[in-house]
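Okay, structure first, notes after.
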Amino acid sequence: MNLANIGKEIRKKRKTLNLKQAQLAEKADLSVDYISKLERGERIPKIPCFITILNVLGLSADEVLSDSLDKSYVSRTSEYLDRIGKLTKKEQERLFSMIELFLDEQESN
């Protein structure tokens with residue numbers, strides 16, 4: 001398990017929400033030092049703290065742990081589907097054509 005990636009994902013979401021470490025710490029009832037060490041990959045959160053942080057940030061565990069999960073493609077696929085749904089029909093068709101081309105090429109190898 002890559003601790004740095006867990007912290008990186010937490011930091012990325014915190015910054016997206018325009019929260020300072022102190023604000024996250026307060027909302028999660030944790031110390032700023034704990035949040036700081038977690039984001040730098042120096043600490044791994046205990047499950048209750050991890051759940052609290054995820055709930056405060058509106059993250060799912062698979063989003064944060066995707067690099068460590070065997071089935072992370074399920075989470076990533078769901079994220080991609082959400083993003084694809086925001087594309088125009090023309091952009092979607094272009095993307096699907098590229099995907100089909102790639103998959104056809106892989107099957108022929």
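Counting from 1, the numbers follow the sequence of the chain as shown.
Remark: E100 CD to E93 CD distance equals 8.5 Å, nearest 0.5 Å. One finds the CD1 atom of I44 at 12.0 Å from the SG atom of C49 (value rounded to the nearest 0.5 Å).
Every side-chain hydrogen bond (donor to acceptor under 3.5 Å, both in side chains) that D33 has, sequence neighbours left out, goes to K37. In this structure, E26 has no side-chain contact (heavy atoms from CB on, under 4.5 Å) partners at least two apart in sequence or on a different chain. Scored by the salt bridge (Lys or Arg N to Asp or Glu O under 4.0 Å) test, K15 finds no partners at all (sequence neighbours excluded). Partners of K12 according to the salt bridge (Lys or Arg N to Asp or Glu O under 4.0 Å) rule, which considers only residues two or more places apart in sequence or in another chain, are E9. Partners of Q23 according to the side-chain hydrogen bond (donor to acceptor under 3.5 Å, both in side chains) rule, which considers only residues two or more places apart in sequence or in another chain, do not exist here.
Contact of the L24 side chain with the L17 side chain is not registered, since no non-hydrogen atoms from C-beta on lie closer than 4.5 Å. Inter-residue side-chain proximity for L54 and V64 is flagged as met; some heavy-atom pair is nearer than 4.5 Å.
In terms of heavy-atom proximity, Y34 sits nearest to K46 at OH-N, 3.6 Å. Nearest heavy-atom pair across Q21 and I35 is CG-CG2, 4.0 Å. Residue A25 comes nearest to V32 through the heavy atom pair CB-N, 3.7 Å, listed as atom of the first residue, atom of the second, then distance. Closest heavy-atom contact between K27 and L19: CE-CD2, 3.9 Å.
Listed by chain and number, the hydrophobic cluster partners of I51 are I47, where partners are ILVMFWY side chains within reach of under 4.5 Å, directly or through others.
Remark: D82 CG is packed, more than 12 non-hydrogen atoms of other residues, nucleotides or ligands lying under 6.0 Å away.
E39 pairs with exactly one of R14, K20, K8 by the salt bridge (Lys or Arg N to Asp or Glu O under 4.0 Å) rule, that one being R14. The residue from I10, L59, I6 that alone fulfils the side-chain contact (heavy atoms from CB on, under 4.5 Å) condition with I53 is I10.
Residues L95 and L81 fall into different hydrophobic clusters, defined by Ile, Leu, Val, Met, Phe, Trp and Tyr side chains chained together at heavy-atom separations under 4.5 Å. Cluster annotation: F102 is connected to M98 through the hydrophobic network of ILVMFWY side chains, with a link wherever side-chain heavy atoms come within less than 4.5 Å.
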Verify side-chain contact (heavy atoms from CB on, under 4.5 Å) between I84 and F96, making sure each step is shown before the conclusion.
-> CA-CA 10 Å; I84 290 168; F96 293 145; 4.0 Å; yes
